[in-house]
Amino acid sequence: MKFMKLGSKPDSFQSEEDCIRYVASDLATDVVVNVGDVKFYLHKFPLLSKSARLQKLIAATINEQQQPDDEISIPDIPGGPQAFEICAKFCYGMTVTLNAYNVVAARCAAEYLEMYESVETGNLVYKIEVFLNSSVLRSWKDSIIVLQTTRSFHPWSGDAKIDARCLESIASKAAVDPARVDWSYTYNRRKLNNGVVPIDWWVDDLTELSIDLYKRVVSSIRRKGGVSPEVIGDALEVYAARRIQTDDHCHDVEEQRCLLETLISLLPGEKQSVSCGILIKLLKSSVSLECGEDVRKELSKRIGEKLEEANVDDLLIRASDGCETVYDVDIVETLIDEFITQSEKRDEVGCSDSSKAVVAKLIDGYLAEIARIEPNLSPLKFIAIAEKVSSFPRSSHDGVYRAIDMFLKEHPGVTKSEKKSICRLMDCRKLSPEACAHAVQNERLPLRVVVQILFFEQVRATAKPSLPPSGSHGSSRTTTEEECDSVTATEETRTTRDKTNGSEKTKAKGVVMSRIFSKLWTGKDRDGVGDVSSSDTSESPGSATTIDDKSTPSTRRRRSSS
């Protein structure tokens, strides 16, 4: 830290209690200066020789007081008693040390006391200006410290343009080529690579600034140029991580809300300038702090532009108090809508298919997770979210199947019609062999769906001609599905009469499958749909439990056919 010493005489100011300050001298004091609660017993000559304001105040008291000492009051001096004492010591020629922490107070107090060159050459205002320009503002750290101290001295510091000069100094240094940075800064040195200064070396140092000053600094840096939007985005992310509090320890919600809204207003407009992760963190904070709809809308739009960069945990956003669900499912719908809007624009240049595939996988994973942890997730909401990405390209529908299986497992109270609608989200023709092997043993699925899976597996196993083009999910019915349904209904009716307990139920299902295929290949056509429900606890592919590849109805038929 830079410093400057003024004066050469020893400091002879002394205190009496906390409210009296005086100069130890053989000469009797002849003026009392009241600064706040503190009385300064001083001598007129050294003060009047350097302060035009004190000259005028003391002149106004002549012949008005019958006391031995003239008494004046300056309750509104910037910096209070401490700043006035610095100025008084300078008047006496006593040693005074100025540094980044007290220079603003001294400069504003000297301005208040009118300690100009017109009163005496080499006066305090001039000397402080020399110190600021030649030393403080050339130092990175001192410029930040001085800028912080200006908050307490408005409008005096603004009139002296101290804060403006600090902003210019900081912005200029932030734009310097990192290879030329040779001053001290507080960046974590452990992150340095072979002693090379990183491009974002300055972001940590600015986190100590209040949000109003931080906004001014970032705005100055952006106006100055020379700093990429990505580095600006990094700086905002670091500041948000240090400053935003949304937990129970947050004592001033309004202050935090203002801070968050200010940071959002500073986000660079370039798409790659801010990561999707920080945008989602800001969105979560905006929900927790109950920010305005405009804030959430802006963040949702930004996230929608790069939703493919998110992960499942990012989308688990806690709902506000009073909502029916624990997690905010509606906001995820909004993010998908924003992504679709943006992808439609990108479709014009043919560059969104890969992004859509990634988002489809992301939403499949999200649905599986939210189905597991959200007890109040309705079937309609589950279907609504899944349908938004139903047309997106997928290499398989295993993720859709896992989400459906998890929902049926954690929400056993769904009706048969709801279960049927949910299962139509899945295209049985796009399940992997592993998923098919699991699904045919999954008693949470309607029997109609199991039959379809077995049928398509049999077609693949027997190398039948290619199936008609499949859609993104099983919403459109084919002649094959109708045949499966008709056989399922008839055989389910027969088998149901034979069920007496849990073990017989499982055995009966195998009988059903055997009869189904014998009837499928005879070409019988009947009407009806059957459902089977159970409390089976098996896990779908990709979950914690691994299903052994045991002999299933489909594998048994493959062996017998061979």
Side-chain angles (χ1 to χ4, degrees), residues 1-8 50-53 77-79 82-91 93-177 180-186 201-202 205-206 208-210 212-227:
M1 180 183 295
K2 305 295 184 179
F3 66 92
M4 180 174 73
K5 285 190 175 182
L6 300 175
S8 57
K50 291 182 173 59
S51 172
R53 188 181 189 99
I77 183 173
Q82 293 80 12
F84 175 77
E85 185 170 326
I86 292 175
C87 296
K89 288 180 179 179
F90 175 80
C91 292
M94 298 176 187
T95 301
V96 177
T97 301
L98 297 178
N99 55 45
Y101 290 101
N102 64 12
V103 68
V104 177
R107 173 65 177 83
C108 294
E111 184 76 23
Y112 176 91
L113 294 173
E114 301 176 17
M115 302 176 72
Y116 303 131
E117 291 297 283
S118 57
V119 179
E120 183 176 89
T121 302
N123 215 336
L124 186 56
V125 169
Y126 169 77
K127 290 188 177 294
I128 291 178
E129 281 297 314
V130 171
F131 177 53
L132 285 171
N133 294 327
S134 64
S135 185
V136 172
L137 295 177
R138 293 187 178 184
S139 167
W140 166 254
K141 288 187 176 180
D142 287 355
S143 296
I144 296 174
I145 294 171
V146 170
L147 180 63
Q148 286 178 295
T149 62
T150 60
R151 294 189 69 202
S152 303
F153 298 100
H154 287 302
W156 294 94
S157 61
D159 293 340
K161 298 183 180 180
I162 300 174
D163 46 0
R165 285 181 285 171
C166 287
L167 291 171
E168 175 66 21
S169 172
I170 294 170
S172 297
K173 289 178 174 59
V176 168
D177 184 344
R180 296 172 53 198
V181 173
D182 57 0
W183 51 79
S184 176
Y185 57 94
T186 58
W201 61 267
W202 51 268
D205 294 319
L206 300 185
E208 299 302 320
L209 294 174
S210 60
D212 56 329
L213 292 177
Y214 187 79
K215 178 181 179 179
R216 296 178 67 187
V217 168
V218 172
S219 299
S220 297
I221 292 174
R222 294 176 68 173
R223 284 195 303 270
K224 189 74 175 178
V227 177

Handout entry: side chain to side chain contact (heavy atoms under 4.5 Å, CB included) evaluation trace for Val130 with Met4
Key = CA-CA 10 Å; Val130 171; Met4 180 174 73; 5.7 Å; no
Handout entry: Test item: Ser143 side-chain N/O and Ser139 main-chain N/O as donor-acceptor pair under 3.5 Å
Key = yes
Practice task
Drop me the distance from Thr121's OG1 to Tyr116's OH, to the nearest 0.5 angstrom.
Solution key: 15.5 Å
Problem - Note, Thr95 side chain near Leu6 side chain (heavy atom, < 4.5 Å) - result: no
Handout entry: Atom pair SG (Cys166) and CG (Leu147), whose distance is rounded to the nearest 0.5 Å
Key = 5.5 Å
Practice task
Please name the pair of heavy atoms, one in Ser51 and one in Val119, separated by the smallest distance, quoted to 0.1 Å.
Solution key: N-CG1, 4.1 Å
Problem - N-O pairing of Arg165 and Glu129 below 4.0 Å - result: yes
Problem - Asn123 (side chain) donor-acceptor with Lys50 (main chain) under 3.5 angstrom - result: yes
Problem - Minimum-distance pair of heavy atoms, taken over all atoms of Ser169 and Leu137 - result: OG-O, 2.7 Å
Exercise for the section: Kindly say whether Asn102 contributes a backbone atom to a donor-acceptor pair with the side chain of Asn99 at under 3.5 angstrom? Expected result: yes
Practice task
Kindly compute the distance separating NZ (Lys141) from NZ (Lys173), expressed to the nearest 0.5 Å.
Solution key: 13.5 Å
Practice task
Answer yes or no: is there a side-chain heavy-atom contact under 4.5 Å between Ile170 and Trp202?
Solution key: no
Handout entry: Sub-4.5 Å side-chain heavy-atom contact between Leu124 and Val96
Key = no
Fill in the blank from the handout: Minimal heavy-atom distance between Leu209 and Gln148, with the atoms involved, is CD2-CG, 3.3 Å
Practice task
State, to 0.1 Å, how close Tyr112 and Arg53 come at their nearest heavy-atom pair, and which atoms those are.
Solution key: O-CD, 2.9 Å
Problem - Candidate list Val104, Asp142, Leu98, Ile162, test side chain to side chain contact (heavy atoms under 4.5 Å, CB included), partner Val136, passing option - result: Asp142
Handout entry: Atom of Trp201, atom of Val181 and distance for their closest heavy-atom approach
Key = NE1-CG2, 3.6 Å
Problem - Where Gly225 and Ala175 come nearest, the two heavy atoms and their spacing - result: O-CB, 3.3 Å
Practice task
Rounded to the nearest 0.5 Å, what's the gap from CG on Leu213 to CD1 on Ile144? Could you check?
Solution key: 11.0 Å
Exercise for the section: Check whether any side-chain N or O of Glu111 sits under 3.5 Å from a backbone N or O of Asp159 as a donor-acceptor pair, and report yes or no. Expected result: no
Handout entry: side chain to side chain contact (heavy atoms under 4.5 Å, CB included) between Met1 and Tyr101, intermediate numbers included
Key = CA-CA 10 Å; Met1 180 183 295; Tyr101 290 101; 2.8 Å; yes
